[in-house]
Enquirer: 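Let me begin by handing over the structure; questions about it come next.
All residue numbers in this chain count up from 1 along the given sequence. Ligands are counted one by one from 1 in listed order, and the atoms in each one are counted from 1 as well.
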Amino acid sequence: TNKLKLVKKIIIAIDGLSSTGKSTLAKQIAKQLNYIYVDSGAMYRAVALYALQKKLIIGEEFNKLKMIEALPSVKVSFVYNKKLNISDVYLNDVKVNKAIRSMEVSNVVSVVAAIPQVRQQLVKLQQQMGIKKGVVMDGRDIGSVVFPNADLKLYMTANAGTRAKRRYDELLTSNSNLSLQEVLDNINLRDHLDSTRKDSPLLKSNDAIEFDNSQLSKEQQLEQIMELVNSCLDS
Ligand code: DC
């Protein structure tokens with residue numbers, strides 16, 4: 001008889017503080033398994049960009065009511081880019097890959113992400129992306145709120161110095177006016193806001209596996225994580 005073994009598809013949730021290498025890892029896993037990678041932070045960044053463009057945030061002033069009212073007309077989506085083998089992020093049909101990585105967006109994204117109505121809208125989209133499984137998603141509340149039943153939950157950590165250096169090196173390629181201190185300040189502030197907000201704060205779920213990668217190369221990290229992934233696929 002022809003025994004056709006159906007390949008099991010799972011959901012992998014990766015959470016953790018800023019710049020702990022979540023997206024690098026998530027992309028690597030997705031590539032190995034031929035899964036879809038979803039960067040949930042990019043979605044919050046796109047909404048934050050919208051708020052800046054529409055001048056809902058000026059300096060310290062944030063018109064949250066207007067933000068909430070505008071939500072039905074804020075369309076965030078991913079479109080697969082065959083040439084580059086990545087997903088482009090769109091805000092109302094405009095590609096915003098670069099714009100969402102700016103320091104302006106980084107400085108306001110945490111207050112935008114703290115609004116429950118913003119979260120509701122994006123979480124719903126994220127859950128739809130997981131319906132067929134075969135997804136690796138990274139963020140802050142993926143294992144706790146978006147996919148509480150995820151097959152594998154990882155919680156990434158790394159020491160603050162390592163994280164600041166990583167983000168700094170990443171940003172330097174596009175913005176040479178930045179100081180390491182500026183980047184460190186932004187990371188610390190976002191970590192504080194993301195961990196202390198009322199709605200879906202960053203936390204380690206009981207069933208998440210904590211993974212500190214301060215001392216690991218990307219290759220070492222992937223090797224160790226793929227062992228976890230494979231044992232999950234075999235079970
Ligand atoms: O992953 P990132 O650093 O690009 O995310 C940007 C911000 O978006 C982060 O500071 C907090 C918010 N975020 C969130 O609240 N929930 C998620 N699942 C992902 C990101």
Enquirer: So for ligand 1, is Lys22 a polar contact partner (N or O within less than 3.5 Å, distance only)?
Expert: no
Enquirer: For ligand 1, indicate whether the residue Met43 contacts it via side chain, backbone, both or neither (heavy-atom separation under 4.0 Å).
Expert: neither
Enquirer: Could you list the atoms of ligand 1 found under 4.0 angstrom from a heavy atom of Ala113?
Expert: 12 (C), 15 (O)
Enquirer: Regarding Lys9 and Asp151, does a basic nitrogen lie under 4.0 Å from an acidic carboxylate oxygen?
Expert: no
Enquirer: Hey, does Asp141 have a side-chain heavy atom less than 4.5 Å from the side chain of Arg119?
Expert: yes
Enquirer: For Arg166 and Thr20, test the side chains for any donor-to-acceptor distance below 3.5 angstrom and give the result as yes or no.
Expert: no
Enquirer: Measuring from atom 5 (O) of ligand 1, which candidate in Ser18, Ser40, Ala42, Gly41 has the nearest non-hydrogen atom?
Expert: Gly41
Enquirer: Would you mind running through ligand 1 and noting each atom that sits below 4.0 Å from a heavy atom of Arg197?
Expert: 14 (C), 15 (O), 16 (N)
Enquirer: Locate the shortest heavy-atom distance separating Cys232 from Leu152; write the atom from each residue and the value.
Expert: SG-CB, 4.1 Å
Enquirer: With the threshold set at under 4.0 angstrom, would you say Arg119 reaches ligand 1 through any of its heavy atoms?
Expert: yes
Enquirer: Nearest protein heavy-atom contact for atom 8 (O) of ligand 1: which residue, which atom, what distance?
Expert: Tyr44 CB, 3.5 Å
Enquirer: Between the candidates Val105, Asp194, Leu122, which shows the shortest non-hydrogen contact distance to atom 9 (C) of ligand 1?
Expert: Asp194
Enquirer: Side chains of Arg190 and Asn186: is there a donor and an acceptor less than 3.5 Å apart?
Expert: yes
Enquirer: Test of understanding: given a 4.0 Å heavy-atom threshold, classify the contact between Arg140 and ligand 1 as side chain, backbone, both, or neither.
Expert: both
Enquirer: When you measure from atom 4 (O) of ligand 1 to every protein heavy atom, which one gives the shortest distance, and what is it?
Expert: Arg45 NE, 2.7 Å
Enquirer: Is a donor from one side chain sitting under 3.5 angstrom from an acceptor on the other, for Arg167 and Ser19?
Expert: yes
Enquirer: For Met137, which part has a heavy atom under 4.0 Å from ligand 1: side chain, backbone, both, or neither?
Expert: neither
Enquirer: Would a 4.5 Å heavy-atom cut-off, applied to side chains only, mark Phe211 and Thr157 as touching?
Expert: no
Enquirer: Does a side-chain N-to-carboxylate-O contact under 4.0 Å join Lys27 and Asp138?
Expert: no
Enquirer: Please determine if Asp15 and Arg140 form a salt bridge, counting it only when a charged side-chain N lies under 4.0 Å from a carboxylate O.
Expert: no
Enquirer: List every atom of ligand 1 that sits less than 4.0 Å from any heavy atom of Asp141, numbering the atoms from 1 in the order shown and giving each element.
Expert: 16 (N), 17 (C), 18 (N)
Enquirer: Determine whether the side chain, the backbone, both or neither of Ser110 has a heavy atom under 4.0 Å from any heavy atom of ligand 1.
Expert: side chain
